[in-house]
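One-based numbering, in listed order, for ligands and for the atoms of each.
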Amino acid sequence: MGHDQQVLFIIQYFLGAKELQHLLRNLQHVIDEADHLTNAIPIPPLLVFKQPHNIKQTFVRSKLPNLQENSDHDITQPCHSNLCKTCRIVDTDTIITRENATHQVHGTYSCNSANVVNLIRCRKGCPEAWCIGETMQTLRQRMNGHHTTITRQECSLPVGEHFSSHGHSASDLRVSVLQGGLHDTRQRRTTEKKLIAKFRTHEDGLNHRFMSHYM
Ligand SMILES: [Zn+2]
Ligand SMILES: [Zn+2]
């Protein structure tokens with residue numbers, strides 16, 4: 001520190017702050033009268049007060065909670081059981097976005113989740129390779145059966161076509177749970193239909209056989 005530099009004390013403002021300032025000013029003569037102190041502190045030190053947190057800052061969150069924010073219970077994760085092939089393809093994203101449409105996944109899911117509406121996408125990011133389906137089986141059973149016992153997946157054929165097309169294999173599948181906690185076929189199909197309309201996968205995706213069947 002050079003001799004001509006002023007010492008700054010930055011402290012949080014408190015009720016006795018003014019008194020401290022006066023006290024320092026009154027004690028300046030002690031410094032002035034002692035040569036060794038004058039050499040060390042040639043210019044009176046400056047007190048700088050920063051504003052303390054006030055009650056509003058303490059109790060009011062300045063940022064409103066983001067409604068798109070995940071809660072701790074919104075998790076999709078692999079089941080980690082031996083031999084599960086779905087763990088490798090299960091997508092842990094809980095916010096799904098396509099163009100202007102966004103869907104927040106609510107709930108805790110894994111390969112063992114049943115009665116869900118799911119979304120298949122391509123790991124290579126092919127924009128048209130979106131397919132929404134519903135199943136009463138577990139996600140694992142559904143994915144295992146994807147090429148064989150498909151009971152009602154309107155996009156099963158297009159999905160098969162996409163993932164067997166040039167440069168693709170079944171390991172390019174990504175599967176997400178969009179919604180679970182659906183109690184019966186009617187609920188699952190209503191939800192599936194809503195989500196297909198939201199993401200427009202019947203017009204621009206692998207659900208193109210869907211709406212003609214239902215509408
Ligand atoms: Zn698994
Ligand atoms: Zn693809």
Side-chain angles (χ1 to χ4, degrees), residues 70-185 187-188 191-193 195-213:
N70 286 359
S71 88
D72 293 345
H73 306 291
D74 298 334
I75 301 165
T76 301
Q77 58 197 351
C79 69
H80 298 299
S81 67
N82 288 342
L83 304 175
C84 177
K85 293 173 188 160
T86 302
C87 286
R88 289 197 294 255
I89 61 168
V90 74
D91 194 324
T92 56
D93 290 353
T94 51
I95 295 175
I96 313 281
T97 303
R98 189 186 206 204
E99 289 161 15
N100 298 324
T102 298
H103 175 73
Q104 163 79 58
V105 182
H106 289 294
T108 304
Y109 305 105
S110 75
C111 318
N112 291 320
S113 300
N115 283 310
V116 296
V117 171
N118 65 67
L119 165 69
I120 287 171
R121 283 180 288 177
C122 178
R123 198 171 290 282
K124 293 189 187 302
C126 303
E128 76 285 6
W130 281 54
C131 178
I132 292 167
E134 57 84 16
T135 180
M136 68 180 294
Q137 297 180 306
T138 66
L139 197 62
R140 185 193 305 108
Q141 288 169 324
R142 184 70 193 75
M143 296 313 291
N144 286 347
H146 213 279
H147 298 289
T148 48
T149 56
I150 296 158
T151 52
R152 207 201 68 82
Q153 181 94 4
E154 301 306 323
C155 52
S156 63
L157 196 59
V159 165
E161 276 172 10
H162 184 87
F163 291 95
S164 60
S165 68
H166 182 70
H168 284 76
S169 72
S171 60
D172 293 319
L173 280 163
R174 282 165 80 190
V175 64
S176 311
V177 172
L178 292 181
Q179 192 164 333
L182 301 162
H183 301 295
D184 53 38
T185 305
Q187 275 192 357
R188 287 195 311 274
T191 306
E192 177 192 34
K193 189 174 165 181
L195 286 163
I196 284 175
K198 182 175 191 172
F199 285 119
R200 301 177 56 253
T201 55
H202 57 305
E203 289 173 14
D204 182 18
L206 302 182
N207 284 114
H208 44 71
R209 284 154 27 122
F210 186 87
M211 287 299 165
S212 58
H213 185 88

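With a cut-off of 2.8 Å, the Zn ion (ligand 1) has an N, O or S atom of Cys84 in range.
The minimum distance between the Zn ion (ligand 2) and any N, O or S atom of His168 involves atom NE2.
The aromatic rings of His168 and Phe163 sit perpendicular to each other, their planes meeting at more than 60°, with 30° as the lower class boundary.
Listed for the Thr108 side chain is a donor-acceptor partner under 3.5 Å among the backbone atoms of His73. Here the side chain of Arg174 pairs no donor or acceptor atom with the backbone of Asp91 at under 3.5 angstrom.
Centred on the Zn ion (ligand 2), the SG atom of Cys126 and the NE2 atom of His162 lie at an angle of 110°, reported to 10°. Atoms SG of Cys79 and SG of Cys87, as seen from the Zn ion (ligand 1), are separated by an angle of 100°, to the nearest 10°.
No hydrogens or angles considered: a donor-acceptor pair under 3.5 Å links the side chains of Thr185 and Arg188.
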